[in-house]
Amino acid sequence: MVRGYGEMEDKWQKEWAAKGLDKAEPDGRPKFMIVFAYPGVSGYLHVGHMRGYTYADAIGRYKRMTGHNVLFPVGTHATGNGAVTLAHRIAKNDTGMIEYLKRNGCSDSKLDEIKDPLALVNFFNEVYVNDYWKRFGFLSDWRRFTCTLYPDYAKFMQWQFMKLNDASLLIQKPYFMPACTECGPVAVDPSETDISKGGNAETQEYTLLKFRCNDVFLIAATLRPETVYGQVNFWVNPDVEYAKVRKGNETWIVSQAAAKKLSYQKDDCKIIGTIKGKDMVGWMCEAPMIHRTVPVFPAAFCDPAVGTGLVTSVPSDAPDDWISLQEVKDDPNITKRYNLTKDQIDSAVPISIISMEGYGNFPAKDIIERMNIERSGDEKLIDAKKQVYKDGYHTGKMKDTCGKFAGLRVEDAKEKMKQEMIDSGEAETFHDLSEEVVCRCGCPVMIKRVDDQWFINYADEELTKRTSDHCKTMQIEPPEYKNNIHGVLNWFRERACVRQGNWLGTKFPYDEKWTIEAISDSTLYPIYYTISMYANSKQISPEQMNESFFDHVILGKGKVDEISKKTKISKELLQKIREEVQYWYPLDLNLGGKDHMTVHFPTFLFNHAAILPDDRLPKGIMVNWYITGKKSKISKSKGGAQPIPGAAEKFGVDALRLYYAHVASPFADVEWDEDIVMTYRQRLDRIITMAGELNSLTDAEKVSDIDKWLLSRCATHMSEIHKAMKSYDLRQMASESYFEMFNDMKWYVRRGGADYDTIRDSLKMWISSMSPITPHIAEELWNICNFDGLAAEYVFPETEKGDAGAEFGETLIRDVISDISQIIKVTKMDAKRVIIYTSQEWKKKVMSMALEMASSGKLDIPSLTKACMSDASLREHGKAVPELVKKFVTDMTRTSNDGRFALQKLNETEHLAAAAQFITSEIGIKAEVFSADDKGIYDPQNKSKMAIPGRPAIYIE
RNA sequence: GCUGGAGUAGCCAAGCCUGGUCAAAGGCGACAGACUCAAGAUCUGUUCGUGUAGGCGUUCGCCGGUUCGAAUCCGGUCUCCAGCACCA
């Protein structure tokens, strides 16, 4: 037997390929199409990623064995900036990254080559296919492999967007995105591909509040528009020179930096002059919404780089405002220097506006005291602000001081108040980055308004309804997600579908300056696997794959002759492709990780519903959770990850596959633990040994109870497997096959079973049941047993039902043995002899009468008693009868009667007598079996009368 | 906060929808024994408490309810996890 699995894996993989099991061609069988959400190309993957992929292969293999023609294509998703980032890090010699790549087996010459993003994508495509998926024995149709950067894929993608446009689902409206003032759009993300600083910055939406002051407006930027009812003054930084901006007919005052930012977002904006901050101190201006006149006070915390450099003051809820206001009030020097009047100072009295859990009337004051903050400028104010904002957002409710907004939750009030002020012209929105971002070229990155941004309108009511309705007909696992997905679909709004800048992807068909964004180009793609093969083999070229081509092969539009003329693709080939699309589609199952629940799966469904007819909409979704690592031990970014080929080498592919399938429900995270994988490896070793031993047991014995038992058990397990797999429950399948059936095989041998036919039949069931999850080992065992053909192409026969009587017989024997050992243990006696008395016949008669009444639902004490007493043979047993009747009726009406029905089919005495020798050997004490009806039996304590059917009496001495 | 999910014996993890056969599958670990020159090997038994006859008692986050009967159904409560968008 092979102990190093590598050779064996290789051998069978070659064999499957030689038999063409990996090639999927339409034929007369029912079809089953399964995909996993293709991975993004972002470097080497780790052992955790293989979990979901393995599920897909195992499900596909199972389906094949139930007579389906299975298409399981794979691909990669290289859109976005993942590959660009990685190539860039290699190019600039990022040591951590280089080390990581090398540890995964990347050679120096390769490293040099993959500094180019496209070369990098091609390289990893090979790695994923050869080192991961093929290595794991996947029966995927490799001819159909596709990558989102392939030119033919791009043609498909462009067609998809034309169809979305035809369905009026593409809309254009303004959008705010980060852009370098020189280079244009950039990606702001932690990998900092495009930028040299500020990768963690987020785009924030500020509300600009307009404070009228005679003929100018002081513009404050706030993230908390819901606090306007608490405004009592206004802050300027006296040491900053502000800009006067001509905005339409109005004159705005903002910081000079803000003026520049505004010009990227607002039309008709022009700097017309400057004004010193200190000159504005002491002004009176009218606050928006509350229309109250408030004074302008000086404050150093107003940063010209943040927002507009001007701040509205809500001391009740903003720690900065509270502390600065106290300082203005307490410091006579300030009053004097800026000529502030006593009325102005006295008018600024904090107003309590929000009630929050864990805070009093003035949350800002509370947090300042709690954190021991004593003066403005204290670093702790940053945290204080964050904390009070967060708590306010989650737990806050608007108080009665907030007019018609009283009683609203902060979360809701925020939107409503902002909108009302925008509608009345007292406010506008403004986008800014949360921290400074600098482009690779050294220029600042700002938020720029783009007027012609394209969106897919997932908010469309008709589309949402169609998609949501379709979901009800789908098989979605886990069921909780099936319930939840409607909420997710409703929650979707318009989604930006294209972007500009340094990103890989397909050009937007209506405007080539745009690249189709990464989520949007991975929604309808499973259908492309039915076509990709023809592009890969160069039977069709990307140029030929125009709108009418896809219209025809996917939607059946147009006459084949005309399409053929237009595309220069032969009529026959067009027909073949069209037939293939129709044969394979709809997709039967899309499998993806839990992170896809809120983005990929909904858009996958939306796009199908938007473009394809009812009978081509997907039929199933399955979500899998993750393999996690303690302290991210398996995460590639942290290093220390186990490379997949290394793990395959160390544990064997099948051990890993079994580990994924069985270690937990697919719908739970699992912590990666090599020791646990090793235990699965050991189990497989044991199974191999056991199967080999069974196969060599060829003594033809006469068929006995235990043979019937084993065949019945196997049949029952097989039917459990089929039942479980209706909901793709691989764990249950693994449990039946690798644990339950294994244990039964052991028991069979222990009981002395050795019948050739029984062993052959049960081995066939057992080994075939292992083929989906551990295909290599199943194949090896199949071969050892000399079964016909390959295990992988074996088709499960119609399952026979188990024999409840035969199965119950063994349960009875185990129960008897367990009872005997228990008695011996409890009594601590030095037992020499065990006698087992089976029940008297008359009791069996009462039980069968009772069961008959129970199955027609008419079982009760009086009727059964009456029936028994009218039987002379029972009546003679006197008051033992009603006692037994009472017991039976109570038991039978309150517990399941399956076992009792099974018992009816069994001759208890004969069955136990046949097992007497076995019982003797198990307990190490001579055991004898008698029927309580036998005359002249040894029964010193008169135990035999205690026996009831299914519960023999036991006497030990 | 919103949406969804979870809390089961030393650990992992089934069961819960469809209440009773549930002291609760299976695995791991631990303990004991068998076989061995040896083995991260294999096999057997035990693994909540208690008990000189197969029993009894307590247990499935916590509190309460429905029921002849609840790990399972209902209400409440505490704790933990995930997602919350342009990021793949």
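Chain letters run A, B, ... following the sequence lines, proteins first, then strands; residues in each count from 1.
With C1' as the reference atom, C17(B) and C74(B) are 15 Å apart, rounded to whole Å. Remark: the separation of the P atoms in C78(B) and A25(B) is 33 Å, to the nearest Å. Nucleotides C16(B) and U42(B) place their C1' atoms 37 Å apart, quoted to the nearest Å. Distance check on atom C1': A9(B) versus G49(B) gives 13 Å, rounded to whole Å. If you take atom C1' in U8(B) and the same atom in U59(B), they sit 10 Å apart, rounded to whole Å. Comparing the same atom, P, in U79(B) and in A71(B) gives a spacing of 25 Å after rounding to whole Å. Straight-line distance between the C1' atoms of U58(B) and A23(B): roughly 10 Å, to the nearest whole Å. Taking atom P in both C60(B) and G65(B), the straight-line distance is 16 Å, to the nearest Å.
Ion pairing between a basic and an acidic side chain is recognised when a charged N comes within 4.0 Å of a carboxylate O; Lys650(A) and Glu674(A) show such pairing. Between Arg751(A) and Glu810(A), at least one side-chain nitrogen of the basic residue sits less than 4.0 Å from a carboxylate oxygen of the acidic one, meeting the salt-bridge criterion.
The side chain of Glu517(A) lies closest to C86(B), out of C86(B), G40(B), A53(B). Here the side chain of Arg499(A) is nearest to one of C86(B), G54(B), C28(B), namely C86(B). Listed nucleotides: G54(B), C86(B), U42(B). Nearest to the side chain of Ile823(A): G54(B). Comparing atom distances between the Arg731(A) side chain and each of A13(B), C87(B), C43(B) picks out A13(B) as nearest. Side-chain atoms of Ile519(A) lie closest to C87(B) of the nucleotides A53(B), A82(B), C87(B). Side-chain proximity of Glu740(A) to the nucleotides A25(B), U52(B), G5(B) is greatest for A25(B). Checking U52(B), G26(B), C43(B) against the side-chain heavy atoms of Phe742(A) singles out C43(B) as nearest.
Across all strands shown, Ile820(A) has no heavy atoms under 4.0 Å from either base or sugar-phosphate atoms. Across all strands shown, Trp625(A) has no heavy atoms under 4.0 Å from either base or sugar-phosphate atoms. The residue Ala518(A) sits close only to the backbone: its heavy atoms come under 4.0 Å of sugar-phosphate atoms, none of a base. Using a 4.0 Å heavy-atom criterion, one finds that Pro952(A) contacts the bases of the nucleic acid, with or without backbone contacts as well.
In this structure, Tyr738(A) atom OH and A14(B) atom P are separated by 19 Å, rounded to whole Å. As a whole-Å value, the separation of Phe901(A) CZ from U21(B) P is 17 Å. Atom CE in Met745(A) sits roughly 17 Å away from atom C1' in G26(B) (whole-Å rounding). The CZ-C1' distance, from Phe601(A) to A88(B), rounds to 14 Å in whole Å. Following rounding to the nearest Å, Lys746(A) (NZ) and U42(B) (C1') show an atom-to-atom distance of 9 Å. Look at CG on Asp595(A): it is 22 Å from P on U3(B), rounded to the nearest Å. In this structure, CD of Gln500(A) is placed 18 Å from P of C86(B), rounded to the nearest angstrom. In this structure, CD of Gln732(A) is placed 16 Å from P of A13(B), rounded to the nearest angstrom.
No hydrogens or angles were tested; on distance alone, nothing pairs the side chain of Asn484(A) with the base of G4(B) as donor and acceptor under 3.5 Å. One donor-acceptor pair, N or O on each side, does fall under 3.5 Å between the base of G54(B) and the side chain of Arg951(A).
In terms of modelled atom types and a separation under 3.5 Å, the side chain of Ser821(A) and the main chain of Ile817(A) share a donor-acceptor contact. Judged by distance alone, with hydrogens and angles left aside, the side-chain atoms of Lys414(A) form a donor-acceptor pair with the main-chain N or O of Leu223(A) at under 3.5 Å. Proximity of a side-chain donor or acceptor of Tyr738(A) to a complementary backbone N or O of Met770(A) within less than 3.5 Å is detected. Checking side-chain atoms of Trp766(A) against main-chain N and O of Ser737(A) turns up a donor-acceptor pair under 3.5 Å.
For the pair Arg681(A) and A41(B), the criterion of a side-chain N or O lying under 4.0 Å from OP1 or OP2 is not met. Note on Arg686(A): a side-chain N or O is less than 4.0 Å away from OP1 or OP2 of U42(B).
Donor-acceptor pairing under 3.5 Å is recorded for the side chains of Glu957(A) and Tyr955(A).
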